[in-house]
Amino acid sequence: KSFRGTTIANLVNSVIKYLSVIIAVFLILSAWGVQTPTLLAGAGIIGLALSFGAQSLIEDIFSGLFIIFEKQYMVGDVVEVGDFRGVVQEISLRVTKFEDINGDTKIINNSDIRGAINSSSSLSKAVCEVAISYDEDLERVEKIINDNLPVIKERLPKIAEGPFYMGVQTLADSAVILRIIAMCNENHRFAVIRELNREVKLLFDKNKIEIPFPQIVVHNKKDLLDNEKQEEIKE
């Protein structure tokens, strides 16, 4: 299915809908005996009056035309507008309809869509960060990861490029954080992140690689006092 074809089809349907209403009004008035010159003159007066009160409508229509013909985004693209992020469901002359992650539909006037970010214009990065214990042999773990990346690629068809092992991301308080990334379509990014996390966890379980829990050292005040007394006795 061509998303661009769907977008153009929605635009054509929108134009036809508005033209059909206008033509229908003219035909009905003509059938009632209203003369065509009178209709045209009346349409001109009405158009002039509406031009002052429908500036936002005109802006929406022109913005919609620019969005489509400049290919800013199309049906099926993931787009960010301000704090909102969603999949484009429909583009008409006046509004664009988006569906967010919860399945809710948001309708935005085309003239209000400014600074939109089209996340589907290129491949997106799915990031997996996994922690290993400081007691683990880092070189052994890296070899296991690199040897199994082709296998993970075969098992996750949504991955377009990769996955790639990027090395040590952070030396955290209780663990060494490793980073693995994969390139995929933006529509699949969150699914690829979940699947990649799962594959890495299974790989670590299979090879007995420890993923540590956060560790907190707690000192008992009584034990500290006892230790201090013992030190004084030794002195």
| task | Work out which heavy atom in Val192 is nearest to a heavy atom in Ala126; give both atom names and the distance. | result | CG1-CB, 3.6 Å
| Do Glu161 and Leu123 have side chains that get closer than 4.5 Å, going by heavy atoms? | yes
| message | Is there a side-chain contact between Val141 and Tyr165 in this structure, where contact means two heavy atoms from C-beta onward sitting under 4.5 Å apart? | response | no
| said: Tell me whether Val200 shares a hydrophobic cluster with Val127, the cluster being built from Ile, Leu, Val, Met, Phe, Trp, Tyr side chains joined at under 4.5 Å. | reply: no
| Contact check, side chains of Phe98 and Thr105, non-hydrogen atoms, under 4.5 Å | no
| remark: Closest heavy-atom pair, Ser92 versus Asn110, reported as atoms and distance to 0.1 Å, is O-ND2, 3.1 Å
| message | Apply side chain to side chain contact (heavy atoms under 4.5 Å, CB included) to residues Ile211 and Lys201 and explain how you reach the verdict. | response | CA-CA 9 Å; Ile211 299 177; Lys201 176 63 168 66; 3.8 Å; yes
| query | Are Ile181 and Leu203 connected, step by step, through hydrophobic side chains (Ile, Leu, Val, Met, Phe, Trp, Tyr) whose heavy atoms are closer than 4.5 Å? | reply | no
| query | What are the two closest non-hydrogen atoms of Ala131 and Pro212, and how far apart are they? | reply | O-CD, 3.7 Å
| query | Would you say the side-chain atoms of Asp112 pair up with the backbone N or O of Ile108, donor to acceptor, closer than 3.5 Å? | reply | no
| note | Note: with side-chain heavy atoms under 4.5 Å as the link, the other cluster members for Ile107 come out as Val95
| said: Are Lys206 and Leu202 packed together at the side-chain level, in the sense that at least one heavy-atom pair is separated by less than 4.5 angstrom? | reply: no
| For Phe66, does the CZ atom sit with more than 12 other heavy atoms under 6.0 Å from it, leaving out its own atoms? | no
| field | Ile91 CD1 to Ile67 CD1 distance, which is reported to the nearest 0.5 Å | value | 6.5 Å
| task | Return yes when atom CG of Asp205 has more than 12 non-hydrogen atoms of other residues, nucleotides or ligands closer than 6.0 Å, and no otherwise. | result | yes
| remark: Rounding to 0.5 Å, atoms NZ (Lys106) and NZ (Lys97) come to a distance of 14.0 Å
| query | Going by heavy atoms in the side chains, are Ser119 and Glu80 under 4.5 Å from each other? | reply | yes
| request: Indicate yes or no: at least one non-hydrogen side-chain atom of Ile132 is less than 4.5 angstrom from one of Leu138. | output: yes
| field | Under-4.0 Å salt bridge between Glu139 and Lys143 | value | no
| remark: On a heavy-atom basis, the closest approach of Leu196 and Cys128 is CD2-CB, 3.7 Å
| Take atom CG in Asp83; do more than 12 heavy atoms of anything else shown fall under 6.0 Å from it? | no
| said: Show the nearest heavy-atom pair for residues Ala116 and Val79, with the distance to one decimal. | reply: CB-CG1, 3.9 Å
| request: Kindly indicate whether the side chain of Asn146, heavy atoms from C-beta on, has any atom under 4.5 Å from the side chain of Leu149. | output: yes
| Residue Arg140 excluded, over 12 heavy atoms near CZ under 6.0 Å | yes
| message | Taking Ile180 as the starting point, is it possible to reach Val168 by hopping between hydrophobic residues whose side chains are less than 4.5 Å apart? | response | yes
| remark: When rounded to the nearest 0.5 Å, the distance separating CG of Asn207 from CD1 of Ile144 is 4.0 Å
| said: Under a 3.5 Å distance rule, please check whether Thr170 uses its side chain to pair with a backbone N or O of Ala172 as donor and acceptor. | reply: no
| Between CD of Glu154 and CG of Asn148, what distance do you get to the nearest 0.5 Å? | 11.0 Å
| Would you find a donor on one side and an acceptor on the other, under 3.5 Å apart, between the side chain of Asn109 and the backbone of Ser111? | no
| field | Euclidean distance, Glu129 CD relative to Asn197 CG, rounded to 0.5 Å | value | 10.0 Å
| query | So Glu136 and Ile209, side chain to side chain contact (heavy atoms under 4.5 Å, CB included) or not? Walk me through it. | reply | CA-CA 7 Å; Glu136 289 289 349; Ile209 299 172; 4.1 Å; yes
| query | Around atom CZ of Phe62, are there more than 12 heavy atoms of other residues, nucleotides or ligands at under 6.0 Å? | reply | no
| request: Nearest 0.5 Å please: distance from the CD atom of Glu199 over to the CZ atom of Phe204. | output: 12.5 Å
| field | Cluster link Ile101 to Val81, ILVMFWY, side chain under 4.5 Å | value | no
| task | Sequence neighbours left out, what passes salt bridge (charged side-chain N to carboxylate O under 4.0 Å, His left out) with Lys158? Give chain and number order. | result | Glu195
| field | Side chain proximity check, Met74 to Asn118, heavy atoms < 4.5 angstrom | value | no
| Counting heavy atoms not belonging to Lys153, are there more than 12 under 6.0 Å from its NZ? | yes
| request: Treat each ILVMFWY residue as a node, draw an edge where side-chain heavy atoms are under 4.5 Å apart, and state whether Tyr73 and Ile117 are in one component. | output: no
